[in-house]
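This report refers to the structure that appears directly beneath it.
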Amino acid sequence: MKNNDEKEVQNPITKRDEDFSEWYHDVIKEAGLAEYSPVKGCMVILPHGYAIWEIIQKVLDDKFKATGVENAYFPLFIPEKFLTKEKDHVEGFAPEVAVVTHAGDKELEEKLVVRPTSETIMYDTFSRWIRSYRDLPLLINQWANVVRWEMRTRMFLRTTEFLWQEGHTVHSTQEEADERARMMLDIYRDFSENFMAIPVITGVKTESEKFAGALRTYTCETMMQDGKALQYATSHNLGDNFAKAFDITFLDENNETKHAWQTSWGLSTRSIGALIMSHSDDSGLVLPPKMAPIQVVIVPVIPKEWDKDMVMEEVKSVYDLLSDYGIRAKIDDRDFLSVGEKYYHWERKGVPLRIEIGPKDIANGKFVAVRRDNGDKNRIDFSGADESVKKLLSEIQDTLLKNAQDRIKENTIFVDNWDEFEKAIESNKFVMAHWDGTKETEDEIKEKTGATIRCVPFSVEEEKGKCVYSGKESGTRVLFAKAY
RNA sequence: CGGGGUGUGGUGUAACGGCUAACAUUCUGGUUUUGGGUACCAGCGACUCUGGGUUCGAAUCCCAGCACCCCGACCA
């Protein structure tokens, strides 16, 4: 290679520290994950982005099914009157629903709402499915798109239409329902930490932040690289609110009619936004190996034409070795690109490990493997490469999780007075502070600082103290942060 | 819906009110190269967001509209 020193090629990606928002969009664009569509607020998910979603689907689906959940599909359109049956639910969603008023040029007698979530249409059906306690628990999940006409959108984090899974369960006792809500939250936590390499803080939402119609909302909150919080997934204990609104009743062992107890829980394409914002750097996307559609890219290095067959043969055999071992590998054999261009290309796409194989490597019996997360070069024996690579991938996975954990630890602070509180929120910290438990205080803090109570974490100990804002008595600390 | 900003080839930018709207990159064809963005040749590609106005003359100045971006309110 020549002229490398003379020619400076500009990195097309904005520096993360300079403008986080622009950096985020650059990463998505350069990695080929998604683009905005002609319809404002909607998003085209490109193959590379969708491949990540497919991995999410597969992993979660398996976990759900292991707990007895079955998949089903309910319609996109919901009769408007369904939505209005549960009072809090309609108040929560009315401002953001899209309504179908016409079919062709004919006006509909009854307007149809494009689902913002499927509680209502599912529960109307559930009420006919459930007769006896022997029909319970009912455990249903669906993978679907939903539409919420938000005022402001952002790639993956908030789009007008988005993809998600929504699970809906019905139980005979409140305890069992709550247990299920907690169980699903734990599945999300496990998935987030062990697959996405994103540590989360689990807890309960406050009254004003909970889901419209829920008794109690559990949440996984996580911290992005700019320090802001993102609600990653939620699980709701719906109590018997919807059961009463939709008349979901059953006969118990004593032949008495009872209202059922329900849960719903969901994870959306927003989690891909969390994935991007958690690990990526100034060179583009960084994917944890377990979430990477391509875990290893093999770049053949062919300095002389007569080396080609030999190199490609070796490349192919490494590829086969890895594939047989269950590693998602790809050979980049495009001959119109230089190796340098290929390196940059796959870096921006977030591929965790790059393997370079050329005549020198073949002569030495070792090839080069470069980690995406820290740039480390490893020399790996051709023999036993499958295990070595697997080990490297698992190290990358662990490193990404650890980095994210350290980030949360370093940026979470305990605060007991208002000045420090304001300062901490201003610098995008997670703030653990006492709160008097009132909506008024919560609202005023939000008004003054932009911070919301992300959750009352399960992990906090009971502790007497004074509310950081009002000075009133408080029994526990809660998590405050600015959020997406 | 409030506050701010920006609209020029696919992308990123340039052009004092004045010549055929410039440069880089991408893209197409070719030659050459291949261990971190090779080099060169040729080519495609823009009624400068829309509509008015000022002017001998507008990408440039003025007015209106529209679009997009950022910051808030709303939210997964």
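Numbered from 1 within each chain, the chains take letters A, B, ... in sequence-line order.
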* Structure fact -> Of the candidates B:C74, B:U34, B:G36, the side chain of A:Y344 sits closest to B:G36

* Asked: Given the P atoms of B:U55 and B:U60, what is the spacing between them in whole Å?
  -> 16 Å

* Look at the side chain of A:H25 and decide which nucleotide, out of B:U34, B:C70, B:C74, has an atom nearest to it. => B:C70

* Structure fact -> Closest non-hydrogen atoms of A:K342 and A:R334, given as atom of the first, atom of the second and distance, are NZ-O, 2.8 Å

* Asked: In Å, rounded to the nearest 0.5 Å, how long is the span from CG of A:L238 to CZ of A:F211?
  -> 6.5 Å

* Among the candidates B:U34, B:U11, B:C74, find the nucleotide nearest to the side-chain atoms of A:K29. => B:U11

* Any side-chain N or O of A:K446 less than 4.0 Å from the OP1 or OP2 oxygen of B:C74? -> yes

* Separation of the P atoms in B:C44 and B:G57, to the nearest angstrom -> 33 Å

* **Pair of N/O donor and acceptor under 3.5 Å linking B:G36 base with A:E347 side chain** => yes

* If the P atom of B:A24 is compared with that of B:C41, how far apart are they to the nearest Å? -> 11 Å

* Asked: What distance, rounded to whole Å, do you find between the two P atoms, one in B:U50 and one in B:G7?
  -> 14 Å

* **Closest-nucleotide 5' rank along RNA chain B - winner of A:P359 and A:L157** => A:P359

* Asked: For the side chain of A:M151, counting heavy atoms from C-beta on, which of B:G36, B:C74, B:U34 is nearest?
  -> B:C74

* Asked: B:G36, B:U34, B:C70: which one has an atom nearest the side-chain heavy atoms of A:V370?
  -> B:G36

* Asked: A:K40 side chain: which of B:A73, B:U38, B:C69 is closest?
  -> B:C69

* Expressed as a whole number of Å, how far does the C1' atom of B:A59 sit from that of B:A46? -> 11 Å

* **Nucleotide nearest A:E150 when distance is taken to its side chain, options B:C69, B:A73, B:C75** => B:C75

* Measure from the side-chain N and O atoms of A:E209 to the backbone N and O of A:T206, and report whether any donor-acceptor pair falls under 3.5 Å. => no

* Would you say A:S338 reaches B:U33's phosphate, i.e. side-chain N/O to OP1/OP2 under 4.0 Å? -> no

* Does any N or O in the side chain of A:H279 come within less than 3.5 Å of the main-chain N or O of A:L275, such that one atom is a donor and the other an acceptor? -> no

* Which of these nucleotides, B:G36, B:C75, B:C69, is closest to any side-chain atom of A:R148? -> B:C75

* Assign A:V299 to base, sugar-phosphate, or nothing according to its heavy-atom contacts below 4.0 angstrom with the strands shown. => nothing

* Under 3.5 Å, is there a donor-acceptor pair linking the side chains of A:E347 and A:S283? -> no

